[in-house]
Amino acid sequence: MDSANDRIGREQLPDLALGTAILGTGGGGAVTGAVAVATAALDAAGPVPLLPVDELGDDDVIAAMAMIGAPTVGQEMLGSADQSVRVIEELTAAIGHPPRAIMASEIGGSNGVSPVAWAARGGLPLLDADLMGRAFPEGQMTSTTIVGQPQGLVIMVDALGNVARLRPIDAHWSERHVRALCVASGASTMAGGHIMPGREARRSVIAGSVSRAIAIGHAVRTAPDPLEGLCRVLDATALVEGKIIEVDRQTSGGFARGNLIIAGTGPDKGRMVRIEFQNENLIALEDGAVLASVPDLITVVDTQSAAAIFTEDLAYGQRVTALAWPSDPIWRTERGMELAGPRAFGYDLDHVAIEAAREL
């Protein structure tokens, strides 16, 4: 943070971007454009207060915001600066007054950086929290769903200014309707929702995620060996180091789906690791055996710089290291596994914790 240790200014954006890219596990949207937009917003409005969850009053109302869609589309179809302003206006109208703060729905990728710009434009604090502790591809995969919080109102605003107000009966129906409208808007749109009072937020959100992302980025940027520094701060396992020899990627249903194959080099020469993704990296396989899987985090980084590589940026010949580390404990619960474990993505297998996989 800045000297007051409770605000985000332009000086913190590089570390935030590095950290959110890593927590994005390949998804959440590339951060370069989000950093430029956030820098401009901070230059215009000044630093954004970063509000700890434990400082929320019981009746303080907060809401979450995110861009939704296929990252491959988001790279080319730029959003409108008016989208976030309109979402906050709609949220304010629904609440009856401005929210105490907004927060990121997911701390991964551009969806972890862009809320700084949205908060700055709206004159609001940013809550030091999110709903995933990472990025996930589907809207029902949140901590609020795990604890049984009602879905409530969803506001959607696309780049052309179309506004939709949804009141889905639960998070799964919300995902279905939101995804359909997202596809109708060109596979990229903005959403706001998860309106809740402070008393509910304290049991429902993943606290400290913005600060954690900044700490991760700082560790990478300042370490003599960035990859070693990243593994240390995350307690991550290096699954394989090598070269990407194949990428199969397509955009369908509002997602970027596909896989990549990494051929090991150096100590890993002769190994072949396949990683499958749906916006985010889902599972890492070697000779049919699972090395790591959701809900644990799997990120592909540049071996030299330790910068995360988004699924839309994967390319033949890149020298990479695939890392995996444990998810937030909330995803290890029975309900968390139902929502975002391997079976939630169609894999007929049980989750093997990366901590156990390390010992195999």
Side-chain angles (χ1 to χ4, degrees), residues 20 23-25 27-28 52-54 56 58 61-66 68 101-109 111-112 115 127-154 166-179 191-213 255 278-283 292-298 324-347 349-355:
T20 60
L23 292 172
T25 63
V53 173
D54 60 10
L56 282 173
D58 283 354
V61 180
I62 58 98
M65 295 173 61
I68 296 172
I102 62 166
M103 68 173 170
S105 293
E106 61 181 5
I107 196 61
N111 268 334
L127 192 67
D128 190 4
D130 79 311
L131 303 179
M132 298 180 181
R134 46 163 298 157
F136 276 123
E138 298 180 16
Q140 76 276 14
M141 298 172 178
T142 64
S143 55
T144 49
T145 309
I146 292 176
V147 302
Q149 185 184 105
Q151 177 62 41
L153 177 70
V154 179
L166 308 177
R167 292 191 179 275
I169 60 173
D170 61 29
H172 292 275
W173 277 104
S174 176
E175 165 62 24
R176 292 176 68 175
H177 287 188
V178 166
R179 193 67 52 179
H194 296 285
I195 299 169
M196 67 185 95
R199 69 175 72 85
E200 189 67 29
R202 284 193 291 274
R203 79 178 187 96
S204 301
V205 305
I206 296 177
S209 52
V210 178
S211 295
R212 182 170 188 244
F255 298 105
Q278 178 186 326
N279 288 4
E280 285 75 31
N281 300 314
L282 303 179
I283 191 167
S293 73
V294 284
D296 291 338
L297 292 81
I298 304 168
W325 65 98
S327 65
D328 187 274
I330 197 170
W331 294 109
R332 299 290 186 85
T333 63
E334 182 178 355
R335 182 60 173 148
M337 285 294 172
E338 289 175 0
L339 286 170
R343 296 185 189 278
F345 294 95
Y347 294 101
L349 53 89
D350 294 324
H351 172 255
V352 177
I354 186 61
E355 301 94 319

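The figures here come from the full heavy-atom set of this structure, side chains too, leaving out hydrogens, waters and symmetry mates. Please read these numbers as outputs of a predicted model, since none were measured by experiment. Residue numbers count from 1 along this sequence.
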Do [X] and [Y] make a side-chain contact, defined as non-hydrogen atoms from C-beta onward lying under 4.5 Å apart?
X    : Y    : answer
P137 : F345 : yes
L339 : H172 : yes
L23  : E106 : no
P295 : M337 : yes

Quick one: closest heavy-atom pair of [X] and [Y], and the distance?
X    : Y    : answer
P168 : G152 : CD-O, 3.6 Å
A63  : I195 : CB-CG1, 4.1 Å
S204 : V147 : OG-CG2, 3.6 Å
S293 : I283 : CB-CG1, 4.0 Å
E175 : G139 : OE1-N, 2.6 Å
G27  : A135 : C-CB, 4.4 Å

Quick one: side-chain hydrogen bond (donor to acceptor under 3.5 Å, both in side chains) partners of [X], sequence neighbours excluded?
X    : value
Q151 : none
S174 : none
D170 : none
N281 : none

Qualifying residues under side chain to side chain contact (heavy atoms under 4.5 Å, CB included), relative to [X], sequence neighbours excluded:
X    : answer
A340 : F136, M141, W331
P52  : D54, E55
S209 : I107, D130
S143 : L131, I206, I330

Measure the [atom1]-[atom2] distance between [X] and [Y] for me, rounded to the nearest 0.5 Å.
X    : Y    : atom1 : atom2 : answer
T144 : Q140 : OG1   : CD    : 10.5 Å
L127 : I102 : CG    : CD1   : 10.0 Å
M132 : L297 : CE    : CG    : 12.0 Å
L282 : I298 : CG    : CD1   : 7.5 Å

TODO: With sequence neighbours excluded, tell me which residues meet salt bridge (Lys or Arg N to Asp or Glu O under 4.0 Å) with D128.
DONE: none

TODO: Give every residue pair that meets the salt bridge (charged side-chain N to carboxylate O under 4.0 Å, His left out) criterion with at least one member in residues 192-213, sequence neighbours excluded.
DONE: D58-R202, D59-R199, E200-R203

Task: Pairs satisfying salt bridge (charged side-chain N to carboxylate O under 4.0 Å, His left out), at least one member in residues 324-339, at least two apart - done: D296-R332, R332-E355, R335-E338

Task: V205/M196 under side-chain contact (heavy atoms from CB on, under 4.5 Å): CA gap, chis, key distance, verdict - done: CA-CA 10 Å; V205 305; M196 67 185 95; 4.2 Å; yes

